[in-house]
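Note that the coordinates shown come from a computational prediction; the quantities given were computed from them, not determined experimentally. The figures here come from the full heavy-atom set of this structure, side chains too, leaving out hydrogens, waters and symmetry mates. Order of the sequence lines sets the chain letters (A, B, ...), proteins ahead of strands, with each chain counted from 1.
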Amino acid sequence: MAEEIYQLSATEISSRLAAGKLTSRAVVEALISRYHQLNKKIGAFTSLDEKDVLAQADASDARRKAGKVLSPLDGIPVAIKENIAVKGQPLTCSSKMLANLISPYDAHVVEALKSAGAIIYGRLNMDEFAMGSSTENSAIQKTFNPWDLTRIPGGSSGGSAASLASGLVPLALGSDTGGSIRQPASHCGIVGMKPTYGLVSRFGLVAFASSLDQIGPMARTVADCELLLNVLASPDARDMTCFDSTQRNQLPVASEKSLRIGVPKGVLGKGVGAEVAAATQAAIDFYKSKGATIIEVDLPSSDLAVPTYYVVATAEASSNLARYDGVRYGHRSANAKTPIEMMTNSRSEGFGPEVKRRILLGTFVLSAGYADAYYVRALRARSKIRAEHLAALEKVDMILSPTVPTPAFKVGEKVSDPLQLYLEDIFTIPANLAGLPALSVPCGKSGHLPVGFHLVGAPLSESKLFAAAQLFESAHSFANQQPTL
Amino acid sequence: MAKGLDIDHLAKLARLNLTADEKVLYSNQLTQVLTYFETLAKADLPANSDVALVVTEKALRSDEPGVSLGSDAVTKIAPASYDGQISVPRVVDDES
């Protein structure tokens, strides 16, 4: 049976467009039809401007006809998470606070996609202000896992992962502060990368925890994920933490030796589901069979990662979210007579429960008398975690673990237990704390639910991670997988 | 409750109104999370943090005006504006 358009990878669409076998309009029309068929059921997209995306497709087809193709992404739809600015489109962060905000400018990554001719295709649901691991914290709608509609898709980029897994779009952008790209990628059976901190500009990404946030690519194949990253990663003077051209050229030199993969001591032990452990072990065995050297690595401060992350991230969030005061943009309470009432009432009405919880926690760990015990100690722990990872990555090319300890849980299962939900990110958080690139790759199933494994590399070693992931993907059948819907 | 956790004081610092139920809920949840954080208090940590290793900040740019959004775009997204400026509740009392 011929493949439907919605089943095609971005790389395949690109080559069919180049060969004149397909038009961008045909791709977009097929995806719009899929959207009407499925989006209510999945809840991945929060909005899609059909007229606008068809106009973008026609413009791409006209460029192609005139021999002025801009890049391999020209004419290919890329869906955008709700916290990344697209001029003239909603920028709600799935929060009541920003329900009516229309972005007056484009994020750097959106400018880059437009310059490459990509179609900026619809907005994707997320946990409010990217705070969560299930997309249940969205104030707009729930998103469901396409592999099992009673389960969560992961989060916070749950809309991005679910849209890819259900064939609603071939490429999507997510953002990742503690695992928000990789954890939903694992739960939905797709590929997701958090780049090295500083590789992709954060200009136009609504800030959650600025020293941890990165925008990254999500796709159904490793090649598609790399194709998208190559467009996103470029210098940008508007983000002072974004690498300039010189820094980008200091890429790790390709090793002549065979692949060396580090596996943290005891990583498949306590708390990891049996089928997740088995799928991860099978990935380790696969690399071994391909001649890779498997080396046990010691990361003694791993236990500190979750508390360190939740101190640093909530501290930065409480500071970043102080800007939502009802003055310049966002919700302003109708019941306020004084400026203080305006700020307090607007914030209380606009923020949802998880955002309030994190603001309170962040306020506490920064408050007088407690900052030294919590925030300052967390910064010191962060240094230690990074040093341990860099030391391990001197001996190995990458570190392999499960992406998430257990597969996607039932909607509502962990709503009342924030600490349990925070532990979803136990394997993904260290890469954010240490600023390292990390990738989740589908590697099997736990029952009917997808499972991914996780690779972390040295700074700017993205291409090494992609190459290793490609080696695995080529020998297995998890690439471009979609459930029957 | 975690030592020092005063939910009323925190809510005031964070500029949030909390209902009585929310105060109980958040106090309990934050206590649980802060108890979990105690591993940090017990850990053997380096004397200094060197987060600059993670966050590579470039030199500051020269102090020159750059392109900005302009007042039309800015007031368009503001909750309330008047004559090209953002309006807010009265800040200064008449009687002072």
Side-chain angles (χ1 to χ4, degrees), chain A residues 101-102 104-105 197-198 211 237 240-241 243-244 247 301 303-304 307-308 310-311 318 325-332 336-345 347-348 351 356-357 359-361 363-364 367 369-370 373-374 376-384 386 418-419 422 433-435, chain B residues 2-7 9-19 22 25-27 29-30 32-41 43-61 66 69-70 72-80 86-91:
Chain A
L101 182 66
I102 301 295
Y105 68 94
Y197 187 86
S211 78
M240 69 187 296
T241 63
F243 295 133
D244 61 27
Q247 290 165 312
S301 298
D303 287 353
L304 299 178
T308 299
Y310 278 95
V311 171
S318 74
D325 52 11
V327 176
R328 291 157 299 160
Y329 43 77
H331 173 70
R332 181 185 291 184
K337 294 189 180 67
T338 68
I340 297 290
E341 275 180 19
M342 175 186 67
M343 289 174 197
T344 309
N345 295 356
R347 291 165 64 78
S348 306
F351 290 137
K356 287 180 185 170
R357 185 157 40 238
I359 289 174
L360 289 166
L361 184 55
T363 303
F364 178 76
S367 63
Y370 301 98
Y374 290 98
V376 174
R377 281 190 77 77
L379 292 183
R380 287 159 57 191
R382 184 178 184 179
S383 292
K384 194 174 183 188
R386 176 171 163 94
L419 187 56
Y422 296 172
L433 289 171
Chain B
K3 199 179 152 198
L5 185 73
D6 175 349
I7 197 74
H9 181 58
L10 270 188
K12 190 181 168 196
L13 288 176
R15 297 265 186 260
L16 290 170
N17 299 320
L18 300 180
T19 64
E22 283 177 325
L25 177 74
Y26 289 136
S27 293
Q29 289 177 336
L30 294 188
Q32 188 196 5
V33 171
L34 290 167
T35 305
Y36 177 67
F37 286 0
E38 277 170 15
T39 47
L40 264 183
D44 180 21
L45 298 175
N48 295 303
S49 60
D50 199 358
V51 177
L53 280 171
V54 183
V55 184
T56 316
E57 291 184 358
K58 289 181 296 188
L60 300 173
R61 69 173 173 83
L69 289 172
D72 280 355
V74 170
T75 51
K76 205 170 159 188
I77 58 170
I86 293 167
S87 55
V88 291
R90 179 180 289 269
V91 177

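The most heavy-atom pairs under 4.5 Å with chain B, out of A/L360, A/I102, A/T338, come from A/L360. Note on A/T344, A/V327, A/L419: by heavy-atom pairs under 4.5 Å with chain B, the leading option is A/T344. Note on A/F351, A/Y329, A/Y422, A/Y105: by heavy-atom pairs under 4.5 Å with chain B, the leading option is A/Y329. Among B/A11, B/A73, B/A80, the residue with the largest count of heavy-atom pairs under 4.5 Å with chain A is B/A80. With chain B as partner, the option from A/V311, A/V376, A/D325 having the largest number of non-hydrogen pairs under 4.5 angstrom is A/V311.
Residues A/P339 and B/R90 share a closest heavy-atom pair of CD-O, 3.4 Å. Considering every non-hydrogen atom in both A/P307 and B/T39, the closest pair reads CG-OG1, 3.5 Å. Listed here is the closest heavy atom pair of B/L30 and A/L361: CD2-CB, 3.9 Å. Looking at every heavy atom in both residues, A/P104 comes nearest to B/L69 through CG-CD1, 3.9 Å. Closest of all the heavy-atom pairs between B/P79 and A/G326 is CG-O, 3.4 Å. Residues A/M342 and B/P89 approach most closely at SD-CD, 3.3 Å, considering heavy atoms.
Looking at A/K384, its side chain does come within 3.5 Å of a backbone N or O of B/D44 through a donor-acceptor pair. A/R377 contributes a side-chain N or O that, together with a main-chain N or O of B/L40, makes up a donor-acceptor pair within less than 3.5 Å.
At a 4.5 Å heavy-atom cutoff, B/E38 makes no contact with chain A through either its backbone or its side chain. Interface remark: B/A47 contributes backbone atoms only to the contact with chain A (heavy atom separation under 4.5 Å). With a threshold of 4.5 angstrom between heavy atoms, A/S318 does not approach chain B through any atom at all. At a 4.5 Å heavy-atom cutoff, the contact between A/A381 and chain B is made by backbone and side-chain atoms alike. When heavy atoms are compared at a cutoff of 4.5 Å, A/K337 approaches chain B solely by way of its backbone atoms N, CA, C and O. In this structure, the portions of B/F37 lying under 4.5 Å from any heavy atom of chain A include both its backbone and its side chain. Proximity to chain A (any heavy atom under 4.5 Å) is restricted, for B/Q29, to the side chain, taken from C-beta onward.
Here NZ of B/K12 is found 9.5 Å from CD1 of A/I340. Values are rounded to the nearest 0.5 Å. Separation of atoms CZ (B/R15) and CE (A/M343) is listed at 6.5 Å; rounding is to 0.5 Å. For the atom pair A/Y310 OH and B/L34 CG, the distance stands at 14.0 Å (nearest 0.5 Å). The distance from atom CG of B/L45 to atom OG1 of A/T308, rounded to the nearest 0.5 Å, is 7.5 Å.
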